[in-house]
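In what follows, a single structure is set out as structure tokens and then discussed.
As the structure is a computational prediction, the values presented were derived from the model and not from experiment. Indexing begins at 1, ligand by ligand and atom by atom, following the structure's order.
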Amino acid sequence: MKQSIKLNVQYFFGIFLFVSFASFSMSNGYELWLNYTKVMDQNLLAEYRSKIQSVYLEGSGETHAAIKKELKMGLGGLLDTEVVFHKYNGTGNQLIVSKYNELPQELKGNFNMDDLSGEGYKIKTVQLKNASYVVVTSNADIGLLYGTFNFLRLLQMNSSLSNLDITEIPKVDIRVLNHWDNLDRTIERGYAGFSIWNWHTLPGYIDQRYIDYARVNASVGINGTVLTNVNANALILTPQYLEKVKALAKVFRPYGIKVYLTARFSAPIEIGGLETADPLDANVIQWWKDKAKEIYTMIPDFGGFLVKANSEGQPGPQNYGRSHLDGANLMADALEPYGGLVIWRAFVYSEHDPTDRAKQAYSEFLPEDGKFKNNVLLQVKNGAIDFQPREPFHPLFGAMPNTPVMMEFQITKEYLGFATHLVFLPKLFEEVLQSDTYRKGKGSLVAKVIDGSLNNKKLTGMAGVSNVGNDINWTGHPFGQADWYGFGRLAWNPYMTSENIADEWLRLTFSNDEKFVQPVKQMMIESREAVVNYMNPLGLHHIFDTGHHYGPGPWVNNLSRPEWNPVYYHKVDSEGIGFDRTRTGSDALSQYAPEVEKMFTDLETCPEEYLLWFHHLPWDYTLKNGRTLWDGLGLKYQEGVEKVRDMIKTWKTMEPYVDKNRHHQVSMLLNIQLKEAIWWKDACMLYFQTFSKMDFPKEMETPKHTLDYYKSLKYPFAPGIRPTWN
Ligand code: BDP
């Protein structure tokens, strides 16, 4: 692509313009970041071709076949040549892709493989006398596949092959997507079409998408997928559906991806004919054991169960007076003989509990630390409320040293403008992972909890609620692909910077041209703060319209459960705004380490982006910039809107570097984003003004409509709304 652009400039009115635009307009984004178009830099192309005159690939089996297929496709496309597979030539200029034990003897001495896990790999330029090789090696097939993808990525990113010396080992064990996909193919909080799992035609029909899904995930190291919604349907555990799951598992296996299912706690009643699902009942215990045996007979490498229990109406052990511990350990016992895992979700809060919702998961699970069976992981959302545009890290991170606590991020943009807003989520993920829990003194980062290093945990994990659907480009918004990519990269290495991720993704997906990469990267990095500002500035949260969470609804106060209403979260009144979570308020802050509590409690040290999350402050409270809280709020909303305008400007100038199709798509979406950013600003500020009774700051654009108008907007068919909960 880079080349096409140069050609465009050089031969602006010539035939090349036509050729390059013709190929540009073909791009529909289906290939995601596995974009193997020809390397356009002629010097590099010549270097690559001369260094990879043939490929030595030893081994057998289905992962090996997947590697061969990817090399053919990748090298074939990037170098625009037929890939020659050849025995070890001894004379160099060969790409060697081989497990360590099958490496040609004379190359072995260049590698120390003791530090590698099965998933790890090395890529190295090896000089032997006058012969030079690029070697990709690992102790296991799966590591070799990951190494192959990394090698292709190097070519896609136009890296030199002269001095490679890469060692990669994933820092996290369980790297899974959570699909909130229902059996009728709707997706809860999905904005990119319907589910890619076509349950009706499975197991007989294998859609090419399943294979490409596996390739794409493996390319970033994702090694598991939970196929079904956490608001589970027990039918998935019946033989009829397990046959279909088995077919998907077969497709994913060569790519190192295990399937997991959501287990509905009441399944023994619904599909087992029992009268109870009590975890201590002997028949129930036996039922889960039999079910596990049945599943593993069909799918020997089945990953395990993900469970949402006693949360938002889902059944669970508490229905029988038992605890989460009883429930998790019941399933853990059943899966244990086969090496299966139970991933138990900590996303619980109750309408019967009058304490601050933000406190409930911590109170519920903390006492259970160290009591779960060894094959249980506790999956905790990044914050204590619910995937808000900005949320302080969940107090459970670091607080349960004797339990494997895994991260749950949301890749789909339930609270970030659906698939219509350009918001680069790795920036949000990075902020959470880099937060300091202070549980073991300064530097006790959330990332260290997640990779297990803080408490020497052997079993670790990171989950991302998928943004994938059957839209042609998988994610709806072309830039939504970057969130999937970034999730995978961070699950592999939670210390990666969002900037590096953006850089990689842009080069892989669009172009290596710096004139494109630098400004668009900047735009992506800033896009996250933009959405915070135009939706939830200064620590406001959960003020979305009800049910679908599309657009603002700060006025909503009539839902049956108090903690479902936005008014519960902003607590606006004539005095001021914000949720007091200090000791004078809900005291949620006491759930953090003392250093963190102190930092957030003290208004001098509390970062302003968390102000209203932790404090209820008067309208005339003075912000660090000297303005009143009221003015500051308006200015932040305005800033968010302005940033979207900047993004539109930047994107406009990128026209020469991007294919017409995707350029136009993103332009249209940015315009929607601007409209909605203004909607957020106007609706929220007009509503809050009815309490503050103050004039809008002069820098803020006057609202386009009245508050009544904004309140009257209804979207009964906004996408992603949960259809039924079972
Ligand atoms: C909330 C969603 C709801 C999910 C729930 C969960 O609104 O659809 O079922 O989280 O994570 O964010 O279980």
Side-chain angles (χ1 to χ4, degrees), residues 176-184 186-192 195 226-233 236 260-265 305-316 318 324 327 343-351 357-358 360-361 364-365 377-391 394 396 406-419 425 428 432 461-467 469 483 487 535-536 541-551 553 556 559-561 563-566 568-569 715 718-726:
V176 281
L177 288 183
N178 288 186
H179 287 264
W180 286 359
D181 295 17
N182 298 311
L183 299 185
D184 63 3
T186 56
I187 306 179
E188 184 156 335
R189 314 308 180 184
Y191 313 106
S195 171
V226 185
L227 301 174
T228 46
N229 192 352
V230 285
N231 297 314
N233 188 322
I236 194 68
Y260 297 69
L261 294 173
T262 46
R264 188 163 160 85
F265 202 78
F305 293 142
L306 170 65
V307 190
K308 172 175 178 177
N310 293 119
S311 164
E312 299 185 328
Q314 293 299 299
Q318 292 175 340
H324 282 281
I343 303 178
W344 197 266
R345 294 179 87 229
F347 180 66
V348 298
Y349 60 97
S350 160
E351 72 267 44
R357 169 177 167 183
Q360 296 181 24
E364 182 95 46
F365 284 98
L377 291 118
L378 192 64
Q379 183 167 300
V380 178
K381 287 189 181 182
N382 60 270
I385 297 292
D386 197 9
F387 300 137
Q388 299 302 291
R390 168 165 283 126
E391 212 172 324
H394 201 299
L396 275 176
M406 71 185 265
M407 174 66 76
E408 179 175 321
F409 282 128
Q410 194 180 45
I411 312 173
T412 190
K413 294 197 175 75
E414 173 180 356
Y415 296 100
L416 289 111
F418 294 7
L425 291 183
L428 184 167
V432 176
M462 194 190 288
V465 179
S466 157
N467 62 346
D483 302 322
F487 165 76
M535 283 186 181
N536 290 188
H541 52 286
H542 220 305
I543 55 175
F544 297 78
D545 200 0
T546 179
H548 47 59
H549 299 152
Y550 174 57
V556 176
L559 303 180
S560 57
R561 292 175 58 161
E563 77 288 0
W564 280 355
N565 289 292
Y568 174 94
Y569 297 96
Y715 300 91
I721 201 161
R722 26 175 208 244
T724 51
W725 270 24
N726 49 43

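- Polar contact check, Asn231 against ligand 1: a nitrogen or oxygen pair lies under 3.5 Å apart.
- Atoms of ligand 1 lying under 4.0 Å from at least one heavy atom of Trp180, given by number and element, are 4 (C), 6 (C), 10 (O), 11 (O).
- Note on ring orientation: taking the six-membered ring where Trp is involved, the planes of His549 and Phe544 are perpendicular (angle over 60°, cut-offs 30° and 60°).
- The distance from ligand 1 to the heavy atoms of Phe347 drops below 4.0 Å at these ligand atoms: 5 (C), 6 (C), 10 (O), 11 (O), 13 (O).
- Close contacts of ligand 1 with Glu414, meaning ligand atoms under 4.0 Å from a residue heavy atom, involve 1 (C), 2 (C), 7 (O), 12 (O).
- Taking every non-hydrogen atom of Glu188 and a distance limit under 4.0 Å, the qualifying atoms of ligand 1 come out as 3 (C), 4 (C), 8 (O), 9 (O).
- For ligand 1, the polar-atom distance check against Arg345 finds a nitrogen or oxygen pair separated by under 3.5 Å.
- Phe265 and Trp344 have perpendicular rings, their planes meeting at more than 60° on a 0 to 90° scale where under 30° would count as parallel.
- Near Lys381, meaning under 4.0 Å from one of its heavy atoms, ligand 1 places the atoms 1 (C), 5 (C), 6 (C), 10 (O), 11 (O), 12 (O).
- Of the N and O atoms on the side chains of Asn467 and Lys413, not one donor lies less than 3.5 Å from an acceptor on the other residue.
- There is no side-chain donor-acceptor pair under 3.5 Å between Gln360 and Glu563.
- Only the side chain of Lys308 comes within 4.0 Å of ligand 1, counting heavy atoms alone; its backbone N, CA, C and O stay farther away.
- Looking only at distances, a side-chain donor or acceptor of Asn310 sits under 3.5 Å from a matching main-chain atom of Gln318.
- Against a heavy-atom cut-off of under 4.0 Å, His549 is close to the following atoms of ligand 1: 7 (O).
- Using a 3.5 Å distance cut-off with no hydrogens or angles, the side chains of Tyr191 and Glu414 do not pair a donor with an acceptor.
- At least one N or O atom of Asp386, backbone or side chain, sits closer than 3.5 Å to an N or O atom of ligand 1.
- Nearest heavy-atom pair across Leu559 and Trp564 is CD1-O, 3.3 Å.
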